[in-house]
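Residue numbers start from 1 in every chain, and the chains themselves are labelled A, B, ... in the order their sequence lines are given, proteins ahead of strands. Since the structure is predicted, the reported quantities are computational estimates derived from the model, not experimental observations.
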2 protein chains.
Amino acid sequence: MQDKDDATRPDFLLPREFGTALPTGVVKNAVEKLGRRIANDEYPEGEPIPTEPELAESLGVSKTAVRDAIKVLSGKGMVRTARRYGTRVRPISEWHLLDADVVSWHDATHPRMAQMFIESTELRCIIEPAAAELAAERATPEQVEAILDATSALRPDAVDSSLLYEADCRFHCTILDATGNQMMRQLRPMIMSVLRISYEFGVQTDRGEPVSRKGHLLVAKAIQKKDGTVAKLEMEKMLEANRRTARAYWENKTKFT
Amino acid sequence: MQDKDDATRPDFLLPREFGTALPTGVVKNAVEKLGRRIANDEYPEGEPIPTEPELAESLGVSKTAVRDAIKVLSGKGMVRTARRYGTRVRPISEWHLLDADVVSWHDATHPRMAQMFIESTELRCIIEPAAAELAAERATPEQVEAILDATSALRPDAVDSSLLYEADCRFHCTILDATGNQMMRQLRPMIMSVLRISYEFGVQTDRGEPVSRKGHLLVAKAIQKKDGTVAKLEMEKMLEANRRTARAYWENKTKFT
DNA sequence: CTAAAGTCTAGATACCATGTAAAGAACTGA
DNA sequence: TCAGTTCTTTACATGGTATCTAGACTTTAG
């Protein structure tokens, strides 16, 4: 079976048969615990974290599991390990910030989360309008339909916001897919991470009404009409509004580093 | 010390003290061998690759080292492992194509390399003009100087093309840096990977003269003058030319899948 | 006396060898 | 078709040895 975490990873993104590439058992648990600790500065940058035997005991797993977990974190650029050097937290500039886990391991109140939120939105303002334009030219009929479906699912009469989140993800991810550019698709997990967080904090909803629901519709219709120029323009407007809202929200909420 | 591979990873990108996050010993060797095999379709997608004991023997390392190597590949989305299921190659759509290793493990003649080349260029045509615009607004004096330096190092009287490659990397990477957006920086390794390959194939040089050297200069000067609009425009022109050249080159060279 | 360079050693991960547990694929029988 | 069984394979545990290097220490040069 799939692990419970996949609740946050809708089916349309992860066909069951492909499974997950990451550890699923005790190692997964260890990865998350250590990842969260590191992301939230519990271990100072540049300093050694506890040794393998110490972590093994404190996490209640074997040395092997700790090693495996640390290897995953290495793969995300968060730590460096070497003989005698120990395992040390690398500078944040080396972290793989396009990795969904690295983003989502941060506490919502962490200053870096605000920064990542703003930066990811800036990146989206660049990528997604262009993606919408390409999608208008290249989307398959099924993709167009999926985008329209997602738009209509953004109705405010949805009971809980998780449905809005799911629809929003489907909207943006399908557009990225529809570019036909496999590299662009790689940004989907990160975008979903950020979206999830913004929904949790209510940034994306305004008294239950999804922010810029009309914007989504305009983009979708432009893609349907294969009008790349309008799709790009409307996506730009939508994200720009998003950006202002988010920026104001987060700037009030937290201070910068 | 650093391993020889770091020849392809110039100092300006990787301050020595940060070291590498990836394995450096026999595991690194195993990762590369397996990674290249998978990237070049030596193991069919969806089918189990040899078991841990078999790989351990054929690679001449212990089972542990094989496990570690496979874990790295899992982290890049290339394989999935499970009990009794074995280790199987995941669909290419799941691979982390923004990872520099995943790109560079492909043989230069692999059809997917052509596809990645075209797709990465498409992505760059979106990202880099916007990055240049932001860089024009935000670049520090040091960064402006670095960009100008890199431009002047693109002189055609450079003896070997590796110097051109290095300068080209410095140019594009510094501009991404200068956006101040940490997420945008994450694209640097992938871009460098693609650049390296295109230099190896001579796509970027025309009888020793770097393609669009004048374009680089125009972008650099615009950034110096803090003229975002011109920087963006010139970067667009430069990459668009790049795209046409590369596309024609690769389409003649290989067939698509 | 001070600072730079060389040496040594403790302490950490890298790797190895082996074993047990567990989970899913494939088979089996109704 | 479906439920149960088996068996293969990785997941995880245990306990080592090898190797590298940060940091302490020593030596030397100025």
Side-chain angles (χ1 to χ4, degrees), chain A residues 1-4 6 15-34 43-75 78-90, chain B residues 1-4 6 15-34 43 46-75 78-90:
Chain A
M1 277 298 146
Q2 301 290 92
D3 23 314
K4 58 182 187 306
D6 284 352
R16 204 143 287 243
E17 72 208 81
F18 298 163
T20 168
L22 290 170
T24 54
V26 302
V27 172
K28 176 179 181 177
N29 198 34
V31 168
E32 281 193 21
K33 272 190 184 155
L34 291 177
Y43 302 121
E45 174 186 320
E47 293 297 311
I49 72 176
T51 64
E52 285 178 358
E54 285 167 353
L55 286 174
E57 201 196 336
S58 77
L59 294 173
V61 297
S62 77
K63 202 183 66 171
T64 309
V66 170
R67 260 181 65 76
D68 284 352
I70 287 177
K71 264 180 191 302
V72 173
L73 298 175
S74 290
M78 296 178 80
V79 301
R80 158 166 137 85
T81 67
R83 292 171 169 113
R84 179 62 178 86
Y85 175 87
T87 300
R88 304 193 188 193
V89 179
R90 300 178 87 196
Chain B
M1 276 301 141
Q2 302 291 92
D3 22 315
K4 58 181 188 308
D6 285 351
R16 205 143 286 244
E17 72 209 81
F18 299 162
T20 169
L22 289 170
T24 55
V26 302
V27 172
K28 174 177 181 175
N29 199 34
V31 168
E32 281 193 21
K33 272 189 185 156
L34 291 177
Y43 302 123
E47 291 298 309
I49 73 176
T51 63
E52 285 178 357
E54 285 166 354
L55 285 174
E57 202 195 336
S58 76
L59 293 172
V61 297
S62 76
K63 205 181 68 169
T64 309
V66 171
R67 259 180 64 76
D68 285 351
I70 287 177
K71 266 181 188 304
V72 173
L73 298 176
S74 290
M78 297 177 80
V79 300
R80 156 167 139 83
T81 66
R83 294 170 168 116
R84 180 61 177 87
Y85 174 87
T87 301
R88 305 194 188 193
V89 179
R90 299 179 88 197

*Is a donor-acceptor pair below 3.5 Å formed from side chain B:Arg84 to base D:dT8, judging by atom type as modelled?*
yes
*asked:* By nearest heavy atom, map A:Gly60 and B:Arg83 onto DNA chain D; which one lands nearer the 5' end?
replied: B:Arg83
Where [X] and [Y] come nearest, the two heavy atoms and their spacing:
X: B:Ala30; Y: B:Leu59; result: CB-CD1, 4.2 Å
X: B:Ala65; Y: B:Val26; result: CB-CG2, 4.3 Å
X: B:Lys63; Y: B:Ala56; result: N-CB, 3.9 Å
X: A:Tyr43; Y: A:Leu55; result: OH-CD2, 4.0 Å

Rounding to an integer number of Å, can you tell me how far [X] [atom1] sits from [N] [atom2]?
X: B:Lys71; N: C:dC15; atom1: NZ; atom2: C1'; answer: 16 Å
X: B:Arg80; N: C:dA23; atom1: CZ; atom2: C1'; answer: 11 Å
X: A:Arg88; N: D:dG23; atom1: CZ; atom2: C1'; answer: 10 Å
X: A:Leu55; N: C:dA12; atom1: CG; atom2: P; answer: 12 Å
X: B:Tyr85; N: C:dG24; atom1: OH; atom2: C1'; answer: 11 Å
X: A:Ile70; N: C:dC15; atom1: CD1; atom2: C1'; answer: 15 Å
X: A:Asp68; N: D:dC12; atom1: CG; atom2: C1'; answer: 8 Å
X: B:Lys63; N: C:dC16; atom1: NZ; atom2: C1'; answer: 11 Å

*Selected nucleotide, minimal atom distance to A:Pro53 side chain, candidates D:dT10, C:dT13, D:dG23*: C:dT13
*Rounded to the nearest 0.5 Å, what separation is found between the OG1 atom of A:Thr87 and the CZ atom of A:Arg67?*
9.0 Å
Taking only the side-chain nitrogens and oxygens of [X], find out if one of them lies under 4.0 Å from OP1 or OP2 of [N].
X: B:Thr81; N: D:dA11; value: yes
X: A:Ser62; N: D:dA13; value: yes
X: B:Arg67; N: D:dT10; value: no

*asked:* Counting the atoms with a prime plus P, OP1 and OP2 as sugar-phosphate, which does B:Thr64 contact under 4.0 Å by heavy atoms, base, sugar-phosphate, or nothing?
replied: base
